[in-house]
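Protein chains get the first letters and strands the later ones, always in sequence-line order, with residue 1 at the start of each.
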Number of protein chains: 2
Amino acid sequence: MKRDSRLSGVLHVLLHMAEQSGPQTSETLARAMDTNPVVIRRVMAGLREQGFVHSEKGHGGGWTIVCDLETVRLRDIYEALGRPEILAMGNRTDAPGCLVEQAVNAALGQAFDDAEALLLRRFGEITLAQLSADFHARLTERGGAITPETSHAA
Amino acid sequence: MKRDSRLSGVLHVLLHMAEQSGPQTSETLARAMDTNPVVIRRVMAGLREQGFVHSEKGHGGGWTIVCDLETVRLRDIYEALGRPEILAMGNRTDAPGCLVEQAVNAALGQAFDDAEALLLRRFGEITLAQLSADFHARLTERGGAITPETSHAA
DNA sequence: TGATCACGTATCATATAAAGTTACATGAAA
DNA sequence: TTTCATGTAACTTTATATGATACGTGATCA
């Protein structure tokens, strides 16, 4: 399978929502993301449970971001997604009887753990507000608005 | 699919080979690894091309380790395997036009790159000799030989 | 020389998980 | 009560590691 892009995708969605005043439908978000509304609802479900977003049914319904961009970090979003697998590699066996494999596992496992820990630490250092600020900086640098806040089809 | 365990597996095989004087057949190694001979040949192919192991056909044939355990590092083995994917996560799109996604990609990409770099650095710090030494330390600590150098079925 | 052994490799099957899709129930607003 | 939008289940698709079968090649041994 291709690399898991749920975190990337859901952050994209969140920042778009942050630029909008009213609720955004899964349909609208899906178009901007070039995907399916059900996929949007699927990844948003975890965020809703954690109270980062709110969803409303019926006319005028859709998704709204209801968290503080300054305090919510990528790490929080990652966890709301259900802490997806970070590494594509792993040890063959978890608790092998073979001493050779134990030695291999110890060395590899340490390296794997370090890499995972670093990634999670980075995620813990970045707030949604920082991402939003970076987006606005890029918008300014590009020299004004091409489309209001994105380059997606309106 | 489950996490890629080729590096873990091939290191296991290599250390076993290092404990043996003569060539080991794919059949024998596969039994120790609880897998299929073809899988062994498959992962060993890259190591053979890099000159880390040698294979011989016919009677008395099999696999022999022909590299210097002191100088070959996990990083070398990783690369001989064809540099398998390290992270299970990634950005949705590589070069998005959307500025929001560019901001997301920049932040996530940096974190991903850092984690990958750390893992590769760790791999570059560990020699096969170190793994072998750790194995022998475990063997001593266990208090002598249960089976000569492993706990696999002979 | 011929039988056997072991690798080299193509091919197909299996398993897993994300992503895409369809279908339908639920609830809210017009 | 009709329409809209979410909530979810179920199925399909896709990608990739792994497992397994089959057969060719070359080397050794009787």
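Rounded to whole Å, atom P of dT18(D) lies 11 Å from atom CD1 of I40(B). Atom-to-atom, CZ of R92(A) to C1' of dG19(D) comes out at 14 Å; the value is rounded to the nearest Å. Rounded to an integer number of Å, the gap from CH2 of W63(A) to C1' of dC4(D) is 15 Å. Computed from coordinates, the E27(A) CD to dT6(D) C1' distance equals 12 Å when rounded to whole Å. Distance CG (D4(B)) to P (dA15(D)): 18 Å, rounded to an integer number of Å. Here dA17(C) presents its C1' atom at 17 Å from CD1 of I86(A), a figure rounded to the nearest Å. For L7(A) and dA18(C), the CG to P distance is 13 Å, given to the nearest whole Å. If you take CZ of R83(A) and C1' of dA18(C), they are 20 Å apart, rounded to a whole angstrom.
The nearest heavy atom of DNA chain D to E49(A) and to G61(A) marks one nucleotide each, and the one closer to the 5' end goes with G61(A). Of the residues near DNA chain D, Q24(A) and P84(B), the one whose nearest nucleotide (by heavy atom distance) lies more toward the 5' end is Q24(A).
The existence of a salt bridge linking E79(A) and R75(A) is confirmed by a sub-4.0 Å separation between a basic side-chain nitrogen and an acidic carboxylate oxygen. Between R122(B) and E125(B) there is a salt bridge, with a side-chain nitrogen of the basic residue lying less than 4.0 Å from a carboxylate oxygen of the acidic one.
Through side-chain heavy atoms spaced under 4.5 Å, either directly or across other Ile, Leu, Val, Met, Phe, Trp or Tyr residues, L118(A) is tied to L118(B).
Close to dT6(D), at under 4.0 Å from its OP1 or OP2, lies no side-chain N or O of R48(A). Look at S26(A) and you'll find a side-chain N or O under 4.0 angstrom from OP1 or OP2 of dT6(D). Here S5(B) reaches the OP1 or OP2 of dT18(D): one of its side-chain N or O atoms lies under 4.0 Å away.
For E27(B), the side chain to side chain donor-acceptor pair (under 3.5 Å) partners at least two apart in sequence or on another chain are R31(B).
Summarising the geometry, atom OG1 belonging to T71(B) is positioned 8.5 Å from atom CG belonging to L128(B); distances are rounded to the nearest 0.5 Å.
Taking the six-membered ring where tryptophan is involved, the planes of F123(B) and Y78(B) are tilted, since the angle between them lies from 30° to 60°.
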* **B/S/- contact track for nucleotides 20-29 of chain C, protein heavy atom under 4.0 Å** => BBB---BBBB
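Under the 3.5 Å distance criterion, with hydrogens and angles disregarded, no donor-acceptor pair is assigned to the side chains of D134(B) and Q130(B).
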